[in-house]
Amino acid sequence: MAVRVQREDFDPGNELERLSAGNHDIGGVASFVGLVRDVAGGEEVSAMTLEHYPGMTEKLLAEIEAEANERWPLEASLIVHRYGRLAPGDRIVLVATASAHRHAALESCQFLIDWLKTKAPFWKLEESGSSGEKWVAARATDDRAAARWKQSSDKDEAAE
Amino acid sequence: MKILYFAWLRQQTGIDTEEVEAPGEVTDVAGLLDWLKTRGPGHAAALADLSAVRVAVNQEFAELDAEVAPGDEVAIFPPMTGG
């Protein structure tokens, strides 16, 4: 299990190779790489700056990674999230999970990225040549994507 | 108490971090936010619509009725947009 919050870019191939190196119980590695797009809501985006809450970010990412490891039988997992100013095409985030079988790897990878979108303390500021700077608004579709991973025990608590 | 502001809350208040001594009657997040609004027009504007604001106390997400005390680290920010 590992979490990194960094300004620097990462090499997905290298990261995936290191994740499974030497562990032959791993039968599958799933990964998600998030990239900066050059368009958002129909408007052109020339750059994006990611701000985060140092300390809380690392703590929350480690907690959610631990939860993924409790819910799925993972052999290894990695979250790398960048901050700072990024250009279209730049990598933002890497989530990778490794397990004996594909279902655990694929499901836990999706769980982690859905969760990251709404619960990790990052904020995106988009720059556009035509309309200046704009803070990205949270999306209800992201909230719904994260909510479907709630376990029944969480729902029970919410109902109380 | 240490208050941290992120994203557009940082821009509107013009502050990223401030040390404050809240009056004794401030005991929860809602009371703290009400009191912070009185610190200036930037604070008042940033905290005008609390439905757009999220709070963490000592790096744990907190609701408006969560307790706050001297020495706490309270962060105020918009809904997260990571990933």
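Every chain is numbered from 1 and lettered A, B, ... according to where its sequence line falls, protein lines coming before strand lines.
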For this session: Considering only heavy atoms and a distance below 4.5 Å, find which of Leu112(A), Val95(A), Ile79(A), Val136(A) pairs most often with chain B.
Result: Val136(A)
For this session: Say whether Trp149(A) and Ile64(A) are linked into one hydrophobic cluster, either directly or through other cluster members, by side-chain heavy-atom distances under 4.5 angstrom.
Result: yes
Exercise. In terms of hydrophobic clusters joined by side-chain contacts under 4.5 Å, are Val80(A) and Leu86(A) together?
Worked result: no
For this session: Name all residues meeting the side-chain contact (heavy atoms from CB on, under 4.5 Å) criterion together with Asp49(B); count only those two or more places apart in sequence or in a different chain, and write none if there are none.
Result: Ser51(B), Ala52(B)
For this session: Determine, using the 4.5 Å side-chain heavy-atom cutoff (strictly less than), whether Val29(A) and Val33(A) are members of one ILVMFWY cluster.
Result: yes
For this session: Could you check which of Trp135(A), Phe32(A), Phe122(A) has the highest count of heavy-atom pairs closer than 4.5 Å to chain B?
Result: Trp135(A)
Exercise. For Gln6(A), does the CD atom have more than 12 heavy-atom neighbours from other residues, nucleotides or ligands under 6.0 Å away?
Worked result: yes
Exercise. Considering only heavy atoms, which portion of Lys117(A) lies under 4.5 Å from any heavy atom of chain B: side chain, backbone, both, or neither?
Worked result: both
Exercise. Donor-acceptor pair, Thr81(B) side chain versus Ala138(A) backbone, under 3.5 Å?
Worked result: no
For this session: Verify, without hydrogens or angle tests, whether Trp123(A) (side chain) and Gly82(B) (backbone) share a donor-acceptor contact under 3.5 angstrom.
Result: no
Problem set entry | Per-residue contacts, residues 58-76 of chain B versus chain A, heavy atoms under 4.5 Å | Gln59(B), Glu60(B), Phe61(B), Glu73(B), Ala75(B)
Exercise. Going hydrophobic residue to hydrophobic residue with side-chain gaps under 4.5 angstrom, can you get from Val3(A) over to Tyr83(A)?
Worked result: yes
For this session: Say whether Leu35(A) and Leu94(A) are linked into one hydrophobic cluster, either directly or through other cluster members, by side-chain heavy-atom distances under 4.5 angstrom.
Result: yes
Problem set entry | Separation between OH of Tyr53(A) and OH of Tyr5(B), rounded to the nearest 0.5 Å | 12.5 Å
Exercise. With only heavy atoms counted, which part of Glu133(A) is less than 4.5 Å from chain B, the side chain, the backbone, both or neither?
Worked result: side chain
Exercise. Who pairs with Ala145(A) by side-chain contact (heavy atoms from CB on, under 4.5 Å), at least two apart in sequence or on another chain?
Worked result: Asp114(A)
Exercise. Chain A contacts: which residues in residues 9-41 of chain B have a non-hydrogen atom closer than 4.5 Å to it?
Worked result: Arg10(B), Gln11(B)
Exercise. CH2/Trp8(B) to CD/Glu51(A) distance, rounded to the nearest 0.5 angstrom?
Worked result: 12.5 Å
For this session: Below 4.5 Å from any heavy atom of chain B, which atoms of Leu60(A) appear? Answer side chain, backbone, both or neither.
Result: side chain
